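What follows is a set of notes on a single structure, which appears directly below.
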Amino acid sequence: MTQEAPGTPPNGLAMASSRPEHLTEDKPDGSTLVGVVQRITFRNDANGYTVARLAVDGETGAVWPSDGSLPGGSLFGPAVVTIVGRFPSLAVGERLRVWGRWVDHPQFGRQLEVSDYAVVAPATVEGIRRYLGSGLIPGIGPVLAERLVAHFGVETLHVIAETPERLLEVPGIGPQRAEAIAEGLRRHQGIQQVMVFLQGHGISPAYAARIYRIYGDDTIRRVRENPYRLAMDIPGIGFKTADGIARSLGVAHDAPERLVAGLHHMLQEAAERGHVYVSRRELVERAGEALGVAAEALAVPLGRLVGQGEDVAPPKAVAPPLAVAEGERIYLSSLFRAETGLARALLRLTEGWGLLRELDDGARWQAAVAEAEQAAGITLSPQQRQAVLDALRHGVLVITGGPGTGKTTILRVLLTCLERAGMRVQLASPTGRAAQRMREATGRPARTVHRLLEFGHVEGEGFRFQRNEDRPLAADAVIVDEASMLDLPLAHQLARAIAPGTRLILVGDVDQLPPVGPGYPLRDIIASGVVPVARLTHIFRQAEQSLIVSNAHRILRGEDLVLNRPGGDFFFIECDDPEQVAETVRELNAERLPKYLECDPIEDVQVLSPMRRTPTGSERLNQLLQAALNPPRGDGPDPSGGLVPFRAGDKVMQTRNNYEKAVFNGDIGRVVGIDPETGSVWVKYPQPDGPQVVEYTAGETDELTLAYCITVHKSQGSEYPAVILPLTTQHYMMLQRNLLYTAVTRARRLVVIVGSRRALRLALKGIREEERASGLAERLRGGAA
DNA sequence: TCACGTAT
């Protein structure tokens, strides 16, 4: 005999309210049952799909199959039925009310397909014991559950929820334990309720859990209030998901919050493509199309997005507007702040230095440079010497030039000069690997810009940069290499952390690939004409007649390339079929190039692909090249039994910075050993002071990928004797001048492009190239912020 | 599912 708690039980455990509220108590077309979960037969944690056995209560208004047949059980005992459906979390012992439809499964017989369910308070001692002991409630296991139930009986749940202090009556439970138990139960019930609600609107359990972690018990209220907040607050949920939830909640197609969120989403999408702002007209047109509303309907929402027109909806809280309108340009607020802040900081850094230049005829520094050259055993060209002098005499300087123009040489002399003058210098770069190269080139410590600015977790504030105008970097000069990789937000963080009086020197090649994030500050700073720029054009490294060098310049100008000159260093093999391209790449790498250059096919040849996927992408080519260049030895089974995805001898690349191992994203090495027992892998990396062998445990090998072929993006900042570049029209999206330029300039001795003429032409024309919208150059010229 | 960086 069971008694279902009448109405809403005193402890609030009956969870009728946990059901999506749009559902009525009984569905006319289905069945409803109440029972205790006996056993979980099957469960898929990824989507919550569960098959369980439910021991059905006697008189709870159960609706049985209309043909009168009893599903399972007997006429006399409690019926045990199979229920099937999606349950975000379910524990043995839980008491459920389920709604659903009877189906006859060919293999498993009659079962209830559950469309909705609610957790009901377990009302029997046994039910409560099983529920609490299920392990689903943090802090309570079977033993403790037993003790609690033995003491409080059917009142147990009521006691925990309402008068947790009474838990102290149970021997062995102290105040802390009592608190933990109450909290555990409350939390579990909260999660249950939220899970059911979110599930009802088509959100996967994984996301539901994430949402609950952030919104807590406030979840249902907040999601109902404005589902579009999810897109902003929950990582991984974008506008599209939020829009789906909104639709399910019945939010109108032209509801103001939908349109505001849609506009915001368009701005974010533009930022992902590198744009700092979007013109009002383009924003409204594109958003109108995407949202399926007339452009005119967006005028008011746009006003609300930029913080105007509070009359539309009274502000609920004093939240800063998401966007800023400046004339016809609409910015995301964060990017507007970054752009104006960067301009202001740079202008402030350049101020006051003019006076120094006038007072100082430069003689003092000229002498210092000459001394430094001597000390370093380097003779600079006049162009290079001028760059060093400019760096010493200006607040901000850009040094830009392509590969081989001597940026590293300048860096060394400049550093010597500054240090001899007793100045403190800080070296940094946007990537860990570039910082590592800087360390090697200068013999001085160099860090990522993030580490320089002490990016890290601050209690109660999340992640942020801890160096800023209030706590600037202690240095007389900050030198940043590979500055083309700085995006607008990072450049802003950097500039604001530099005190007036500290020199900022940005070194980079502005023709390489644009940064990952929005904006292209190095390009804009140069274009503004406000900051002195030292342009290095003279190429020392490669012979004048090198086609690699001259073709690199042709690429930048969009001109046709000079190809296949006998004895030359720049070849094009025409090939239209992607499969044939892949085969040609393999043959070149494995056979022809090693012979032609008398070099090692793995160490000295690097295949670069514009993409990862496609038949000529890095993933496929890696498989092909691994088989060709490092075939399995012997024909026995893989000695590691498939535990290790690599073979001894494989060329591999580290894919994220690992300071503990001192290996950085983009480092390439060779597998020198594998332990088939433990799955450990040893990789040898070349280092200036001799190769280093690094151990990876089985769990760490996911930091590595095969590197016979890598993407052009990953190759940025590296050089190789020979480069092979597959180029097909399947790479359409990626065919840009910067990409071709970057790929080609990675090669010291030889470049071979394999692909279609059309693809090459597309890349030269930069057909897909989109100028990044940015107002930084104008702002710098305007002199104001 | 274009590609790419940083941080715990």
Side-chain angles (χ1 to χ4, degrees), chain A residues 235-236 238 240-241 269-274 338 428-438 446-467 480-494 497 508 512-522 608-620 653-660 663-667 703 705 709-718 725-743 746 759 762-763 766-770 772:
Chain A
K240 290 206 180 82
T241 309
E269 273 203 333
E272 260 163 49
R273 288 184 320 224
S429 145
T431 69
R433 216 160 72 81
Q436 167 80 348
R437 276 199 313 275
M438 233 179 157
R447 287 170 281 183
T448 61
V449 174
H450 280 79
R451 290 201 155 202
L452 180 76
L453 301 178
E454 294 170 27
F455 183 80
H457 190 81
V458 179
E459 197 58 41
E461 292 179 70
F463 285 91
R464 67 175 185 84
F465 292 93
Q466 296 174 71
R467 289 287 182 178
V480 177
D481 197 9
E482 297 285 3
S484 66
M485 291 173 161
L486 291 170
D487 59 24
L488 174 64
L490 188 58
H492 172 229
Q493 295 299 336
L494 173 68
Q512 290 208 20
L513 294 162
V516 171
Y520 200 164
L522 187 70
L608 303 178
S609 175
M611 285 194 175
R612 296 169 55 154
R613 308 255 173 18
T614 76
T616 54
S618 60
E619 287 172 4
R620 166 89 193 297
M653 178 174 65
Q654 170 77 19
T655 56
R656 63 176 108 69
N657 292 344
N658 188 327
Y659 289 89
E660 220 172 281
V663 287
F664 300 94
N665 192 350
D667 281 352
E703 295 185 10
T705 56
C709 177
I710 65 174
T711 61
V712 176
H713 277 84
K714 282 279 188 190
S715 76
Q716 216 174 174
S718 299
L725 178 71
L727 212 59
T728 72
T729 42
Q730 288 180 319
H731 301 142
Y732 182 76
M733 302 285 235
M734 302 301 300
L735 299 179
Q736 297 165 24
R737 273 181 217 173
N738 292 338
L739 185 110
L740 187 57
Y741 172 85
T742 302
R746 298 309 95 202
L762 287 171
I767 216 80
R768 286 267 315 165
E769 223 141 358
E770 221 181 344
R772 294 186 167 202

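Everything quoted here is computed from the prediction, not taken from an experiment. In what follows, chains carry the letters A, B, and so on, assigned in the order in which the sequence lines appear, proteins first and then strands, with residues in each chain numbered from 1. Because only heavy atoms are used, hydrogens play no part in the values below, and waters and symmetry mates are left out as well, while side chains stay in.
- Residue-level contact check: A/Gly432 touches the backbone only, with heavy atoms under 4.0 Å from sugar-phosphate atoms and none from bases.
- Rounded to whole Å, the distance from CD on A/Gln466 to C1' on B/dT6 is 15 Å.
- When rounded to the nearest whole Å, the span between CG of A/Leu494 and P of B/dT6 equals 16 Å.
- In this structure, A/Tyr659 reaches the sugar-phosphate backbone alone: every heavy-atom distance under 4.0 Å involves primed, P, OP1 or OP2 atoms, never a base.
- The separation between A/Arg620 atom CZ and B/dT1 atom C1' is 19 Å, rounded to whole Å.
- In the region residues 446-455 of chain A, proximity to DNA chain B at under 4.0 angstrom, judged on heavy atoms, holds for A/Thr448, A/His450, A/Arg451, A/Phe455.
- For A/Arg746, the salt bridge (Lys or Arg N to Asp or Glu O under 4.0 Å) criterion is met by no residue, not counting sequence neighbours.
- Counting only heavy atoms from C-beta on, A/Asn657 has its side chain closest to B/dA7 among B/dA7, B/dG5, B/dA3.
- Listed by chain and number, the residues in a ring-ring contact (aromatic ring centres under 6.0 Å, His included) with A/Phe465 are A/His450, A/Phe455 (sequence neighbours excluded).
- The nearest whole Å value for the distance from the CD1 atom in A/Ile710 to the C1' atom in B/dA3 is 13 Å.
- Comparing A/Thr431 and A/Met611 by the nucleotide of DNA chain B that holds the closest heavy atom to each, the one mapping nearer the 5' end is A/Met611.
- Of the listed nucleotides (B/dT6, B/dC4, B/dT1), B/dT1 has the atom at the smallest distance from the side chain of A/Arg613.
- To the nearest 0.5 angstrom, A/Gln716 atom CD is 9.5 Å from A/Leu739 atom CG.
- Under the side-chain hydrogen bond (donor to acceptor under 3.5 Å, both in side chains) criterion, A/Tyr741 pairs with A/Asp509, sequence neighbours left out.
- With sequence neighbours left out, the salt bridge (Lys or Arg N to Asp or Glu O under 4.0 Å) criterion links A/Glu459 to no other residue.
- Under the side-chain hydrogen bond (donor to acceptor under 3.5 Å, both in side chains) criterion, A/Arg433 pairs with A/Ser718, sequence neighbours left out.
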